[in-house]
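Everything below concerns the one structure shown next.
Hydrogens, waters and symmetry mates are skipped; everything else that's a heavy atom, side chains included, is used.
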Amino acid sequence: MYRARFKRLGENRLTVHYAEGRTMPLEFFVTEPLETLLRKRAAFIVTHQQHREPAKWYDGLYSLWDRRQPEGETCWARIILAASIPTP
């Protein structure tokens, strides 16, 4: 049994050397603890995905943030869908 500790988050490669010069690369993806990831994701949703424009009909709605969309643009179909779902 072996232990490995990585110094950085994200992709990490470990190369195992064995049997007369043979090697086997092993790739690991290192993340922060689950509690930290959830806290950061919740903070991101609150600060980046809720519309805060009191003069607009969609004030307070949450929409999906897409890195592929140009800065400042919103996917209106998602907002309209979220706004049209009746509340019980």
**Message:** According to side chain to side chain contact (heavy atoms under 4.5 Å, CB included), who are the partners of Pro54, at least two apart in sequence or on a separate chain?
**Reply:**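 Scan of Pro54 (side chain to side chain contact (heavy atoms under 4.5 Å, CB included), adjacent residues dropped) gives Asp59.
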
**Asked** Sequence neighbours excluded, which residues qualify as side chain to side chain contact (heavy atoms under 4.5 Å, CB included) partners of Glu35?
**Response**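 Applying side chain to side chain contact (heavy atoms under 4.5 Å, CB included) to Glu35 gives Pro33.
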
Ignoring hydrogens and angles, write down the donor-acceptor pairs under 3.5 Å from the side chains of residues 7-15, residues two or more places apart or on other chains.
{"unit_1": "Arg8", "atom_1": "NH1", "unit_2": "Glu11", "atom_2": "O", "d": "3.2"}
{"unit_1": "Arg8", "atom_1": "NH2", "unit_2": "Glu11", "atom_2": "O", "d": "3.3"}
{"unit_1": "Asn12", "atom_1": "ND2", "unit_2": "Arg8", "atom_2": "O", "d": "3.1"}
{"unit_1": "Asn12", "atom_1": "ND2", "unit_2": "Gly10", "atom_2": "O", "d": "3.0"}
{"unit_1": "Arg13", "atom_1": "NH2", "unit_2": "Glu27", "atom_2": "OE2", "d": "2.6"}

**Message:** Hydrophobic cluster membership, with links at side-chain heavy-atom distances under 4.5 Å among I/L/V/M/F/W/Y: are Leu37 and Phe29 in one?
**Reply:**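 No, Leu37 and Phe29 fall in different hydrophobic clusters.
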
**Item:** In one Ile/Leu/Val/Met/Phe/Trp/Tyr side-chain cluster, 4.5 Å: Val16, Phe28
**Value:**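 Looking at the clustering, Phe28 is in the same group as Val16.
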
**Item:** Residues that, via side-chain heavy atoms closer than 4.5 angstrom, fall in one hydrophobic cluster with Leu34
**Value:**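 For the cluster that includes Leu34, the remaining residues are Leu38.
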
Quick one: side-chain hydrogen bond (donor to acceptor under 3.5 Å, both in side chains) partners of [X], sequence neighbours excluded?
X	answer
Arg52	Gln50
Arg5	none
Lys40	Glu32

**Asked** Atom OH in Tyr62, atom NE2 in His48: separation rounded to 0.5 Å?
**Response**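 That separation rounds to 13.5 Å.
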
**Request:** Just grab all the side chain to side chain donor-acceptor pair (under 3.5 Å) pairs involving residues 16-25, residues at least two apart or on different chains.
**Result:**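 Output for this query is empty, none listed.
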
